[in-house]
Amino acid sequence: MYANVKAFKSKLAIFSRQILNKSFTHFPTLATLKEAGAKVKKYSESLDALHGEFCRRFSDFDKIDKSLQLVAYPLSQDPETAPEELQLELIDLQSDPVLKGKFNCLKLNDFYASLSKAAFPRLRQTAQKILALFGSTYVCEQTFSIMNIKPSQPQIQVNRPTPEIHSENRHNKTNSGL
């Protein structure tokens, strides 16, 4: 998710610069409008405002960017630039071909759960803190995905009349003189 936010912020900056230079490559419909050239400053300012709002709302992630990168890509991190308490564990991780294979095959949370508590306590703890930030997002996405794919059974049963309801309706109609 964080990678998508970073990418979108970068795209907003590019869009703003390109529109200001009257380059509408990414906005072909805008390029067809006659007044587009006259309003480039307005469009660019709107994109800059949106970029600023994204930066403001996601500023907390910028503060932990190094930790996010370390957890997401531990095999490509330079141990020298990692926090000192993680350097030796990071070297051990990067030197182990079995763990490299696991990293490439497993989901990120499963990979960190598979690490030895004794050999990688600090790396596991760092990963838990970072992954916990995104856990609820993942659960929500999975829940909504399941809901969109498969309608729930109770909804189907509520919409389908049952034989008991039909017999009650017939009984009420005959007793009410209809």
Please list every donor-acceptor pair under 3.5 Å in which a side-chain atom of residues 23-36 meets a protein atom from a residue at least two apart or in another chain.
residue: Ser23; atom: OG; partner: Thr25; partner atom: OG1; Å: 3.3
residue: His26; atom: NE2; partner: Gln18; partner atom: OE1; Å: 3.4
residue: Thr32; atom: OG1; partner: Thr29; partner atom: O; Å: 2.5

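Between the OH atom of Tyr73 and the CG atom of Leu68 there is a distance of 10.0 Å, given to the nearest 0.5 Å. Atom CD1 of Ile64 is separated from atom OG of Ser59 by 10.5 Å, given to the nearest 0.5 angstrom. Taken to the nearest 0.5 Å, the OG atom of Ser46 stands 14.0 Å off from the CZ atom of Phe15. Expressed to the nearest 0.5 Å, how far CD of Glu89 lies from CD1 of Ile91 amounts to 11.0 Å. To the nearest 0.5 Å, the span separating CD on Glu53 from CZ on Phe58 amounts to 9.5 Å. Taken from CG in Leu20 to NZ in Lys41, the straight-line distance is 8.5 Å, to the nearest 0.5 Å.
Hydrophobic clustering keeps Leu123 apart from Leu88 (ILVMFWY residues linked when any side-chain heavy atoms are closer than 4.5 Å, directly or through intermediates). When the side chains of ILVMFWY residues are joined at heavy-atom separations under 4.5 Å, either directly or via intervening members, Leu50 and Ile14 end up in two distinct hydrophobic clusters.
Between Ser67 and Ile130, the shortest heavy-atom contact is CB-CD1, 3.8 Å. The minimum heavy-atom distance between Leu93 and Phe120, with the atom names listed, is N-CE2, 3.7 Å. The two residues Ala72 and Leu108 come nearest to each other via the heavy atoms CA-CD2, 4.0 Å. Minimum heavy-atom separation, Leu106 to Ser114: CD1-OG, 4.0 Å.
The only option from Leu99, Leu90, Leu115 that meets the side chain to side chain contact (heavy atoms under 4.5 Å, CB included) definition with Pro74 turns out to be Leu90.
Residue pairs meeting the salt bridge (charged side-chain N to carboxylate O under 4.0 Å, His left out) criterion with at least one member in residues 64-80, sequence neighbours excluded, are Lys6-Asp65.
Panel note: side chain Gln94, backbone Gln77; a donor-acceptor pair is recorded below 3.5 Å. Between the side chain of Ser44 and the backbone N or O of Ile19 there is no donor-acceptor pair closer than 3.5 Å. For the pair Ser95 (side chain) and Asp92 (backbone), a donor-acceptor distance under 3.5 Å is absent. In this structure, the side chain of Ser16 does not engage the main chain of Ala13 through any donor-acceptor pair within 3.5 Å. Between the side chain of Arg124 and the backbone N or O of Tyr112, at least one donor-acceptor pair lies under 3.5 Å.
Partners of Thr126 under the side-chain hydrogen bond (donor to acceptor under 3.5 Å, both in side chains) rule, at least two apart in sequence or in another chain, do not exist in this structure.
In summary, Glu45 and Lys42 do not engage in a salt bridge, as defined by a charged side-chain N under 4.0 Å from a carboxylate O.
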